[in-house]
Amino acid sequence: MTETKTQESEKTREQLVSAVSAEVIIEFIQVNKWYGDFHVLKDIALAVHKGERIVVCGPSGSGKSTLIRCINNLEEHHSGSIVVDGITLNRNLKNIDHIRTEVGMVFQNFNLFPHLTILENLTLGPIWTRKLPKADAHDLAMKYLERVKIPEQADKFPGQLSGGQQQRVAIARSLCMNPKIMLFDEPTSALDPEMIKEVLEVMIELADTGMTMIVVTHEMGFAQTVADRVILMDEGQIVEENEPGEFFNNPQHERTRLFLSQIL
Amino acid sequence: MATIKTVATPAIAPPLSETSVLGWMRKNLFSSAFNTLLTFFTVYIIYISVKGLWVWGIADAVWVAENRRECFAINTDGACWAGIIAWLDNIFYGRYPREELWRINLGLFFLLMWMVPLWLPRVKAKISIGMTTVFLYPFLGGYLFAGSEKGIFMQIMLTTAIVCLLANTIHSIIGVFSGRSLPEFLSSLSGRKKVSDTTQRNIFLGLLALSFVVIYVWQMSWNLERVPWTKWGGLFLTLVIAGIGIASALPGGIILALGRRSRMPVIRVLSTAFIELFRSVPIITVLFMATTMFPLFMPQGFVLNKLVQVIIAVCLFNAAYMAETVRGGLQTIPKGQFEGAHTIGLGYWQTMGLIVMPQALKHMIPNIVGNFISLLKDTTLVSIIGLFDVLGMLRSISKDLPWLGLHKEPLVFGAILFFLICFTMSKYSRHLEAKLSTDHHN
């Protein structure tokens, strides 16, 4: 029974992999960024295709979080250009507003709003930025809460939930905005080991729907099962970029070998 | 060697000191000879002071007398409360014409009527009730207290205020009994089961407009005699100044605090300069400046009365203080909250209004109420520039011929009065904190 199910999902995944379109949805062109004197992103060039799942890993301070935070303008890049969904990120606030509603993001510390119930956390975006009527927003929120398997927690406050549940709520909150791209910034790093699995399961299911995902994580198991491409960053550069089989079994760069030997 | 627990340890009753009064006393009051001694000594000190107060203030006090001489004739050791009782009206209302006192009482009653729904649990739409209180009550209260001819603007605002008060009150009564809002109740009267939001709103607005017209026509016949501000005084004046100060300090403070954190340099510098200027000057200086220098900056022939100047000064001063409190509260909000709001597409004002302020204000409640309490006490300084607030009234008792030299009792009475008001505020703030707490970190 389970076997047929895995086979099935395997099959759909294969179909989806082939469904990764040629259309480029995010493009970094020679992007540079500094924190004061510190050169955090060095000449980054990267193209992400629609429907592609990318895992970014690397030691802390290597710029991987900064890289994905540039995509929805939480951080501003200083030179080069970033094109998201056909729109160039610049100081034009209208462009930024548009991109923010197309790009969902999940944080290490969840960043749920502690003064609102789970349901209110989820409906806030649809009501205020998508201008949905309350009843529709409510239905949408319940749909996604069911998808992350915690509809019974809808009326609780974030502080009453476990870390894993909070992170699943955060994922549902982003999905309520119906984004084209989902960014994950170390989504499981603040969780107890027992809770990592439930969050990863939700992320795998999301990957199966064909969502474009960029995930910064140290969960190499996740990278192996889900990713189309794995990227290793070090000292602000993309050191190695390859499909997971090659990346883990036949790393090309010395730095990648060192990194893998330390975490596996 | 492996340790395995096969039998669960049963729970046993807690020690006596955790459950009974006697056990608690033995643990906390009489745990050693020295502590026992300390306990008795403290109880003795409390006994002497309470006894002294009791004898002076109640046992030996004189409650009924014509003048101070009579007080002395009855008992020289006790307080002469008769003087306070004779002056009660003055203490509360100042020199407001006695036959017009109903206006103040009615005004206060309306204020209570307006605000009580905020404390009732089942009433909906509390934010709009609160907002209408702050923005519309001043017109209703102002007209009642000051009277005189009404201009067209005043007539419109007055009518709006009355319509709002009526709607609020009916809404709250319905809310308490049925848990529904007024628009919902109105549309349910029509008999249909499901009414869309727009029709619901249209019925409600239609009724509001109708009552506006009726009340507008009705209020044209009202004619209240003018009471000049020089006649205002006592606790009434204190509450007017402090009330306006409190109602304006928080919004003013929020705007200044946001200005100080703004990315726009001009706004930031202006806000910072304003805050620092007002914070580094004593309020008494601000009051003197307001009454003596402010008129110099005004165009020729433009005369504001002293009370308005004082109120403006109090508002500006307290907005500056409140701004720093609010800024402190804003800094307790982690950056992640802004980022979370950013990723679901909320703009600056939405982020501030929906995410940041509700959390920050909750953290700030103790400080905000602290500010309000000191604002209330600071208003007593207006007696120095010639307004007869409650303290001014209390001090003039000793200059009144029958009660010449009666200093102690008025001040004690004033202390009790202020304590009651301030303690209520502080208790209420504790209650708010407990009620609004949604952090469930245990």
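All chains are named by letter (A, B, ...) in the order of the sequence lines, taking the proteins before the strands, and each is independently numbered beginning at 1. A quick note: this is a predicted structure, and the numbers were derived from the prediction, not measured.
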Quiz item: Side chain, backbone, both or neither: which part of B:Gln350 has an atom under 4.5 Å from a heavy atom of chain A?
Solution: side chain
Exercise. In sequence, state the C-alpha distance, the side-chain angles, and the governing distance for A:Arg69 and B:Glu339, and then conclude on side-chain contact (heavy atoms from CB on, under 4.5 Å).
Key: CA-CA 10 Å; A:Arg69 287 161 64 91; B:Glu339 293 179 347; 2.4 Å; yes
What distance separates [X] [atom1] from [Y] [atom2], expressed to the nearest 0.5 Å?
X: B:Ile344; Y: A:Asn111; atom1: CD1; atom2: CG; value: 11.0 Å
X: B:Thr343; Y: A:Asn73; atom1: OG1; atom2: CG; value: 12.5 Å
X: B:Thr351; Y: A:Phe113; atom1: OG1; atom2: CZ; value: 8.0 Å
X: A:Ile127; Y: B:Leu354; atom1: CD1; atom2: CG; value: 10.0 Å

For [X], does the [atom1] atom have more than 12 heavy-atom neighbours from other residues, nucleotides or ligands under 6.0 Å away?
X: B:Trp349; atom1: CH2; result: no
X: B:Arg268; atom1: CZ; result: yes
X: B:Phe135; atom1: CZ; result: no
X: A:Glu152; atom1: CD; result: yes
X: B:Lys126; atom1: NZ; result: yes

Can you tell me which portion of [X] sits under 4.5 Å from chain B's heavy atoms? Options are side chain, backbone, both or neither.
X: A:Ser174; answer: neither
X: A:Asp97; answer: neither
X: A:Phe107; answer: side chain
X: A:Leu183; answer: neither

Quiz item: Where do B:His342 and A:Asn72 come nearest, in terms of heavy atoms and distance?
Solution: NE2-O, 3.2 Å
Practice problem: Taking all non-hydrogen atoms of both residues into account, name the closest pair between A:Pro114 and B:Gln359 and its distance. | Solution: CG-OE1, 3.2 Å
Practice problem: Give a yes or no answer on whether the side chain of A:His115 reaches the backbone of B:Ala360 with a donor-acceptor pair at less than 3.5 Å. | Solution: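 Side chain of A:His115 to backbone of B:Ala360: no pair is present.
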